[in-house]
Amino acid sequence: MWLELQIFGFRALWSPYYLVFIIALAAIYFYVTGPKRKKGEERPTVGQQLMFYSGLLLLYIIKGSPVDLLSHIMFTAHMTQMALYYLLFPILIIKGIPVWIWRKVFSVPILSSFLRIVTKPLLALIVFNGAFSIYHMPVLFDYAKSNEAAHTIITTLILLTAFFMWWSVFTPLKEMDRLSPILKIGFIFANGILITPACGLIIFAGTPLYETYTQSGAWMQAMSLCVPADVLNGISSSLSGPEYFTPMPLVEDQQLGGIIMKITQEIIFGVMIARIFFTWFNRERDTIDPLPANIQTES
């Protein structure tokens, strides 16, 4: 498949302009948390820096590398992209940004009121999973894949809801840490349940659901979102559809995509639950009151 993808050229495969955007974000983070810092504003720890820069690297892999191009060719790649984009990327960014920056964001008058509403755990839980499921309804999905503005707006809005959802679990602001460890575990578990119907419908569908991957006209329109117009016009006559690049039947590709999304979600959620549980367990163990001195003496 890799050799066949070369037909789209370097710009479509590696998105150099998007790489410049990622580098700019990294430079802004370095400047704001370094030379621009004021007295009393702590420099991010090594761990926070690793989190943030890893998040930017992951973002480029998701949206700037050949993974993005493949997501318009194979539904499997699309679901892999969605799983990492919505379920892992927000965690890295939330944990990578210092507390004092988040405190400034949440102190902006109008924005603060909005953020404190949309990050309420139950609302964030329902809105994210609802938005993700609605996006994968065939009518909306095909429309988003055929219109660059709609695709950008819809996927960005879902990403914001993913940030709001994960904020309930990983908020660095103590006054907004509304959930106890056991409730955080239940919150993540509920996410896994709510996202299952969308994955299940895709996995058990007996026919292809999306025109984007089945009709050559809709597929070419979707490809225009990530392939420069001059390149696409030059090769359009030689392309018929995704089958040019992969021998996998459309239904099997669709089903595998749903399975990958579910498995990736289970892995990420499982790791997060384990992390919360063991942090909680170790903290409780460390706070257990020691035996009274007289009892220790008698024993």
So do [Y] and [X] actually touch side chain to side chain, heavy atoms under 4.5 Å?
| X | Y | value |
| --- | --- | --- |
| L70 | L5 | yes |
| I73 | Y244 | no |
| V118 | M165 | no |
| V227 | L69 | yes |
| L159 | F164 | no |
| V20 | I23 | no |
| M51 | I94 | no |
| M220 | L232 | yes |

Task: Test log, rule side-chain contact (heavy atoms from CB on, under 4.5 Å), inputs L140 and I134 - done: CA-CA 7 Å; L140 183 59; I134 292 172; 3.7 Å; yes

Partners passing side-chain contact (heavy atoms from CB on, under 4.5 Å) against [X] (at least two apart in sequence or in another chain):
| X | value |
| --- | --- |
| V32 | I28, W100, I101 |
| S113 | none |
| A26 | Y53, L56 |
| I185 | I273, I276, F277 |

- [ ] Drop me the distance from I260's CD1 to I203's CD1, to the nearest 0.5 angstrom.
- [x]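 Interatomic distance, I260 CD1 to I203 CD1, rounded to 0.5 Å: 10.0 Å.
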
- [ ] Measure the spacing between CG of L160 and OG1 of T155 and express it to the nearest 0.5 Å.
- [x]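 Here the rounded value is 10.0 Å.
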
Which atom names give the shortest non-hydrogen contact between [X] and [Y], and what distance separates them?
| X | Y | value |
| --- | --- | --- |
| V67 | I62 | CG1-O, 4.1 Å |
| G257 | M79 | O-CB, 3.2 Å |
| A124 | S168 | CB-OG, 4.3 Å |
| D68 | C226 | OD2-CB, 3.9 Å |
| L225 | A144 | CD2-O, 3.9 Å |
| I93 | W102 | O-CZ2, 4.2 Å |

Check: [X] side chain, [Y] main-chain N or O, donor-acceptor pair, under 3.5 Å:
| X | Y | result |
| --- | --- | --- |
| Q221 | S146 | yes |
| T264 | M261 | no |
| S133 | G130 | no |
| N282 | F278 | yes |
| Q254 | P208 | no |

TODO: For residues 64-87, pull every pair meeting ring-ring contact (aromatic ring centres under 6.0 Å, His included), keeping only residues two or more places apart or in separate chains.
DONE: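 Residue pairs passing ring-ring contact (aromatic ring centres under 6.0 Å, His included), neighbours aside: F75-H78, F75-Y210, F75-Y213, H78-H136, H78-F141.
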
- [ ] Look at the side-chain heavy atoms of Ile, Leu, Val, Met, Phe, Trp and Tyr, link any pair under 4.5 Å apart, and say whether I22 and L50 land in one connected group.
- [x]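 In one cluster: no.
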
TODO: Run the ring-centre check on F8 versus F245 and record whether the distance is less than 6.0 Å.
DONE: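 Close enough - the centres of the two rings lie under 6.0 Å apart.
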
Open item on the list: Measuring centre to centre across the rings, with the benzene-like ring taken for any Trp, is F187 within less than 6.0 Å of W167?
Closed with: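 No - the distance between ring centres of F187 and W167 does not fall below the 6.0 Å cut-off.
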
Excluding sequence neighbours, so at least two apart, what forms side-chain hydrogen bond (donor to acceptor under 3.5 Å, both in side chains) with [X]?
| X | result |
| --- | --- |
| T76 | D253 |
| T212 | D142 |
| H151 | none |
| E243 | S240 |

- [ ] Would you please test F128 and I158 for side-chain contact (heavy atoms from CB on, under 4.5 Å) and show each step?
- [x] CA-CA 7 Å; F128 167 70; I158 298 175; 4.3 Å; yes

Pairs satisfying side chain to side chain donor-acceptor pair (under 3.5 Å), at least one member in [range], at least two apart:
| range | value |
| --- | --- |
| residues 174-203 | R103-E175, N129-N191, D177-K184, T196-K262 |
| residues 8-24 | R11-D230 |
| residues 20-42 | E41-K104 |

Open item on the list: For the CD1 atom on I110, are there more than 12 heavy atoms of other groups (residues, nucleotides or ligands in this structure) within a distance under 6.0 Å?
Closed with: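 No, the 6.0 Å shell around CD1 holds no more than 12 heavy atoms from other groups.
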
Task: Exceeds 12 heavy-atom contacts within 6.0 angstrom, atom CZ of F30 - done: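 Check fails, neighbour count at 12 or below.
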
TODO: Would you please test Q49 and R43 for side-chain contact (heavy atoms from CB on, under 4.5 Å) and show each step?
DONE: CA-CA 9 Å; Q49 294 180 57; R43 188 178 185 86; 4.3 Å; yes

Task: Between R116 and S112, a side-chain donor and acceptor under 3.5 Å - done: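 Note: R116 and S112 side chains meet the donor-acceptor criterion.
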
Open item on the list: L111 vs V105, test: side-chain contact (heavy atoms from CB on, under 4.5 Å). Steps then yes/no.
Closed with: CA-CA 8 Å; L111 181 61; V105 171; 4.2 Å; yes

